[in-house]
Amino acid sequence: MEIPRILASAQRLNELNGITGFLLVTPGGFAQILEGEGDSVVETYGRIMADPRHGDLRLLQQATAIERRFAGWTMGMAERDPTTEFIFGLYGISADADIFDQQLDTIVDLAGQLAAHPA
């Protein structure tokens with residue numbers, strides 16, 4: 001499966017570029033949060049867009065934050081699986097729900113919860 005290789009590559013490159021963030025993986029898609037200096041985030045997103053393993057990318061928000069929410073993660077990750085199913089469900093993301101249909105705040109809050117309590 002490609003996810004472990006993508007994650008390892010992201011962690012390595014993010015550390016070099018001062019990027020932090022979190023990746024949510026569901027059967028219906030992915031949601032990723034990137035944090036860092038503006039130019040570094042734009043460059044990282046550009047690499048993601050150019051990677052043929054990624055498709056149907058949607059930028060949900062680009063904003064300046066006062067502090068990083070995922071400062072301890074070069075790229076953390078949580079999958080919707082039997083271990084995390086309950087937490088995903090608390091945020092309204094069922095097995096059939098498309099992560100793209102979720103509100104941005106819901107995605108960020110879910111990622112924060114999972115980052116704080118990794119499985």
Side-chain angles (χ1 to χ4, degrees):
M1 185 171 234
E2 288 289 321
I3 294 171
R5 290 186 357 190
I6 291 171
L7 182 63
S9 176
Q11 290 169 335
R12 186 183 78 256
L13 291 169
N14 288 353
E15 185 171 4
L16 291 172
N17 293 300
I19 300 292
T20 56
F22 207 82
L23 175 66
L24 296 172
V25 180
T26 69
F30 303 86
Q32 185 173 32
I33 300 161
L34 298 172
E35 304 171 318
E37 295 297 321
D39 290 345
S40 294
V41 171
V42 168
E43 183 179 311
T44 298
Y45 188 66
R47 265 195 320 274
I48 293 168
M49 288 176 48
D51 187 328
R53 297 173 296 184
H54 298 82
D56 194 23
L57 295 171
R58 302 175 201 173
L59 181 62
L60 300 179
Q61 182 180 33
Q62 183 175 345
T64 301
I66 295 170
E67 64 183 81
R68 293 182 190 218
R69 187 139 183 205
F70 304 96
W73 298 89
T74 53
M75 184 50 63
M77 185 195 79
E79 292 185 73
R80 189 182 190 290
D81 60 23
T83 306
T84 61
E85 185 173 344
F86 177 75
I87 296 172
F88 273 82
L90 289 175
Y91 288 85
I93 302 176
S94 68
D96 299 327
D98 188 342
I99 198 153
F100 294 123
D101 293 336
Q102 306 305 313
Q103 296 292 320
L104 178 61
D105 290 346
T106 299
I107 292 170
V108 173
D109 290 347
L110 170 60
Q113 178 72 27
L114 292 163
H117 304 286

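Quick note: residue numbers are just sequence positions, from 1.
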Looking at [atom1] of [X] and [atom2] of [Y], how far apart are the two atoms once the value is rounded to the nearest 0.5 Å?
| X | Y | atom1 | atom2 | result |
| --- | --- | --- | --- | --- |
| I33 | L60 | CD1 | CG | 9.5 Å |
| L90 | E85 | CG | CD | 11.0 Å |
| Q103 | Y91 | CD | OH | 14.5 Å |
| L59 | M49 | CG | CE | 9.0 Å |
| L23 | I6 | CG | CD1 | 8.5 Å |
| T44 | D39 | OG1 | CG | 10.5 Å |

**Prompt:** E43: what forms a salt bridge (charged side-chain N to carboxylate O under 4.0 Å, His left out) with it, not counting sequence neighbours?
**Reply:**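 For E43, the residues satisfying salt bridge (charged side-chain N to carboxylate O under 4.0 Å, His left out) (neighbours in sequence not counted) are R47.
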**L24 with F86, same ILVMFWY side-chain cluster at under 4.5 Å** = yes
**Request:** Side-chain contact test, heavy atoms from C-beta onward, threshold under 4.5 Å: evaluate it for L110 versus Q102 and give yes or no.
**Result:**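 Answer no - side chains too far apart.
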**Partner residues of F88 under the ring pair (Phe, Tyr, Trp, His ring centres under 6.0 Å) criterion, sequence neighbours left out** = none
**Asked** Can E35 and R68 be counted as an ion pair, charged N to O under 4.0 angstrom?
**Response** no
**Message:** Treating N17 as the side-chain partner and I19 as the backbone partner, does any N or O pair qualify as donor plus acceptor under 3.5 Å?
**Reply:**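 Pair absent, no side-chain N/O of N17 close to backbone of I19.
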